[in-house]
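Taking it in order: structure first as C-alpha cells, then the write-up.
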Amino acid sequence: MTKHINAMNGFSLSDLTRDDGLIFEIGDEYKDDEEEFSYSPNVQLTNEEALNLLNMDNFQDDDEDDDNEGNNSVSICDINFEKLKSKMTSITENNKVMKVVKQEGVGQVIPNDAQVTVRYMGHIQDHDEPFDSSFTRGGTDTLRLAQSAILPGLEIAIASMRKHEISIFIVHPDLAYGKHGCPPRIPPNQEILFIVHLIDYVDNGSVRIFEHLTIEEKRHFCNVVKGVQAKFNTAKDYFQKKKIKQAIREYSKAIQWLEEAELKNQEDEDEYNKLLSRGYNNLAVCYNIENMPRRTCIACNRVPTPTAKTHFNHGRALIRIGEYDSAMEKLQLALKMEPNNEETVKEIRLANEKQRKYLETQKQLWKHCLNTKQKEKVESSFEKTVREMCETFVRDCQLLRQPLPESLTPEEDKCIREHAAAFGLTVTTHQRYGREITYLNKPNY
C-alpha cells in the first residue's frame with residue numbers, strides 16, 4: 001500500500017526505498033518558488049537530491065515492508081549492509097569494496113591519478129545521519145587520487161567510476177578507518193557506505209609522467225606537448241571553479257616547460273607557437289581577473305600569434321593603468337578582428353569615458369596651475385581640485401594608475417603628493433615615450 005507522508009514531519013531512508021511508492025503531502029503554505037525542504041533535519045539535501053542519490057528501491061526486502069509501514073523513525077540501519085552487498089559487485093579481489101551503479105556514466109573509466117570533482121555522503125550502519133557529506137560543506141569536493149589523501153577504499157571506489165556516474169559502495173574497515181575507527185563518530189571495525197556522484201575529472205597522468213623524466217628528456221618537444229596539454233586541462237578546471245590563483249600557477253608552469261623545449265623543425269615551431277599563444281592568452285585573462293594589469297600586458301606582449309582575445313585583454317589592462325591612447329589602439333585591433341564582439345564595444349566605450357574624465361580633471365588642474373604660477377603659491381582652488389581627483393580615483397575600482405599633468409611646479413607636486421598620501425596613494429615618476437611622466441598609483445598597483 002502506498003504510504004502518505006507529511007513533508008513537515010520528515011521521512012527516513014526506509015520510506016524512500018519502499019516498493020509500493022511514497023506520496024508527499026504538501027500544504028498550501030509551501031510556495032513553488034521557495035527552496036524545497038530537506039528530507040531530514042540533519043542532512044542538508046533537497047528532496048530532489050535525496051531522491052536522485054538515495055533511490056535504492058530495489059534493495060528493500062519484501063518481508064520488511066509490513067514491519068516498516070507506519071514507522072517514520074526508521075533510519076538507514078533498516079537497510080542491512082550484508083543484504084545490500086548480496087546485490088552488489090566486488091571491484092576488489094577480496095570483496096573489500098562492493099559497488100552498484102545507480103546512474104550510468106559516460107566515456108571511459110577515469111585514470112587512477114585523476115583530479116576529481118565529486119558529491120558524496122558517507123554512512124555507517126545504525127546511523128541515519130551521514131558522518132560526512134559534501135552537501136553540508138557547500139556542494140562539491142575536489143580530490144586528487146594517487147596522493148594518499150583520502151581513504152583507500154573511497155579512492156578505489158572513485159577510480160572505478162565514469163563521468164556523471166552515481167554509485168553506491170560499501171567499504172571494508174581495512175580500507176576505511178580500520179580496527180580503531182575514528183572516535184567519536186566512527187566505531188572500531190566499521191563498514192562504510194558511500195554514495196558518490198562523479199561530476200567531472202581532470203587527467204593528471206601526463207603531468208606525473210613528465211615530472212619523472214630526466215632533464216634531457218624534458219627538453220624533447222614531443223614529451224613537453226603531452227605534459228603541457230595536461231597542465232592546461234588542470235588550469236582550465238581551476239578556472240571554471242573560480243580558483244584563479246591556482247589556474248595562474250598551472251598556466252605559468254606549462255609555459256615554462258614550453259619555453260625550455262628544443263624545437264627540431266617547422267612543425268614543432270608551429271605547434272609551439274600555438275600552445276604558447278594559448279597559454280599566454282589564458283594567463284592574461286587570469287591576470288585581469290586578479291587585477292594585475294602590468295602582468296597582463298607582459299603576457300599579451302609575449303603571445304606569438306596575437307588574436308582578438310589578446311588585444312582585448314591588453315586593452316582592458318591598459319585602461320586600468322591609465323594608458324588610454326594605447327588601450328584604444330589595442331581595442332580597435334580587437335574590434336577589427338571581431339567586428340561584432342559586444343564586449344569589445346563596451347570596453348571601447350569604457351576607455352572613452354575614462355579618458356574623457358581624465359582630460360576634464362587635467363583641464364581643471366592646468367587651469368589652477370596657471371593661477372598658482374601667477375601668485376607663486378598653491379591656491380585653495382588647486383587643492384580642492386587635487387582632493388576631488390584623489391577621491392574619484394580611489395572610488396574607481398577599474399583604475400590602478402592614472403597619469404598627472406606634466407610640468408608641475410615644485411609646490412604643485414608637493415601638494416599632490418600630500419593629498420595622495422592622505423588617501424593612501426603614491427605618486428611615482430617614470431621615463432615613458434621619451435619623456436618623464438608622473439602617475440598617481442593605488443597601493444596594490
Side-chain angles (χ1 to χ4, degrees), residues 10-13 16-17 35-57 59 75-76 79 81 84 88 91 97-124 127-147 149-171 175-177 182 185-186 191-204 233-234 236-243 246:
F11 51 96
S12 68
L13 181 63
L16 295 178
T17 59
E35 183 180 357
E36 292 179 284
F37 282 71
S38 58
Y39 80 97
S40 162
N42 298 316
V43 184
Q44 301 303 311
L45 300 177
T46 64
N47 291 332
E48 181 180 0
E49 288 166 340
L51 290 170
N52 285 338
L53 292 179
L54 303 179
N55 181 23
M56 299 193 293
D57 53 289
F59 296 128
S75 68
I76 195 171
I79 294 182
F81 280 18
L84 184 58
M88 305 175 82
I91 58 174
V97 181
M98 306 294 290
K99 173 182 180 178
V100 64
V101 177
K102 297 304 296 176
Q103 174 179 293
E104 293 289 345
V106 297
Q108 301 297 317
V109 174
I110 67 172
N112 290 331
D113 52 3
Q115 175 178 292
V116 299
T117 302
V118 297
R119 297 191 299 178
Y120 73 95
M121 289 185 291
H123 285 270
I124 58 176
H127 288 75
D128 192 29
E129 178 188 356
F131 68 86
D132 189 15
S133 172
S134 61
F135 293 93
T136 61
R137 294 192 300 274
T140 65
D141 279 351
T142 299
L143 308 172
R144 290 286 297 270
L145 305 184
Q147 299 289 316
I150 59 178
L151 292 176
L154 180 58
E155 181 162 324
I156 293 170
I158 294 174
S160 73
M161 301 178 73
R162 296 183 296 163
K163 187 175 180 180
H164 301 317
E165 178 183 321
I166 297 176
S167 289
I168 302 164
F169 304 90
I170 292 182
V171 178
L175 297 177
Y177 294 96
C182 186
R185 305 209 71 181
I186 312 296
E191 286 186 321
I192 306 296
L193 183 146
F194 286 108
I195 305 169
V196 183
H197 178 193
L198 178 60
I199 298 172
D200 203 356
Y201 74 93
V202 174
D203 183 3
N204 288 302
N233 288 337
T234 303
K236 181 181 177 181
D237 184 67
Y238 278 131
F239 183 86
Q240 291 173 338
K241 294 181 173 68
K242 303 186 185 304
K243 297 180 178 181
Q246 291 91 329

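If you read the sequence from its start, that first residue is 1, and numbering goes on from there.
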* **N/O donor-acceptor pair under 3.5 Å between K241 side chain and T117 backbone** => no
* Asked: Considering residues at least two apart in sequence or located in another chain, which fulfil the side chain to side chain contact (heavy atoms under 4.5 Å, CB included) criterion with Q108?
  -> none
* Structure fact -> Distance col, row L84:CG vs I170:CD1, nearest 0.5 angstrom, shows 4.0 Å
* For residues R119 and I199, report the shortest heavy-atom separation together with the two atoms involved. => CG-CD1, 3.5 Å
* To do: Locate the shortest heavy-atom distance separating V100 from M88; write the atom from each residue and the value.
  => N-CE, 3.8 Å
* What are the two closest non-hydrogen atoms of E191 and I124, and how far apart are they? -> O-CG2, 4.0 Å
* **Name of the residue among V116, L145, N112 meeting side chain to side chain contact (heavy atoms under 4.5 Å, CB included) with E155** => L145
* Kindly indicate whether the side chain of Y177, heavy atoms from C-beta on, has any atom under 4.5 Å from the side chain of L151. => yes
* Asked: Just how far is it from atom CD1 of I110 to atom CE of M161, taken to the nearest 0.5 Å?
  -> 8.0 Å
* **Partners meeting side chain to side chain contact (heavy atoms under 4.5 Å, CB included) with Q246 (sequence neighbours left out)** => Y238, K243, R249
* Quick one: does I156's side chain get under 4.5 Å of V171's, heavy atoms only? -> no
* Distance, nearest 0.5 Å, that separates CG of L154 from CZ of F194 -> 4.5 Å
* Asked: What are the two closest non-hydrogen atoms of I192 and A176, and how far apart are they?
  -> CG1-CB, 3.7 Å
* What is the distance from atom CZ of R162 to atom CD of Q103, rounded to the nearest 0.5 Å? -> 11.0 Å
* Between K99 and E165, which heavy-atom pair has the shortest distance, and what is it? -> NZ-OE2, 2.9 Å
* Closest heavy-atom contact between D132 and Y120? -> OD2-OH, 2.6 Å
* Asked: With respect to S167, which candidate in L198, V101, I195, V196 satisfies the side chain to side chain contact (heavy atoms under 4.5 Å, CB included) definition?
  -> V101
* To do: Using a 4.5 Å cut-off on heavy atoms from C-beta on, say whether the side chain of F131 contacts that of C182.
  => no
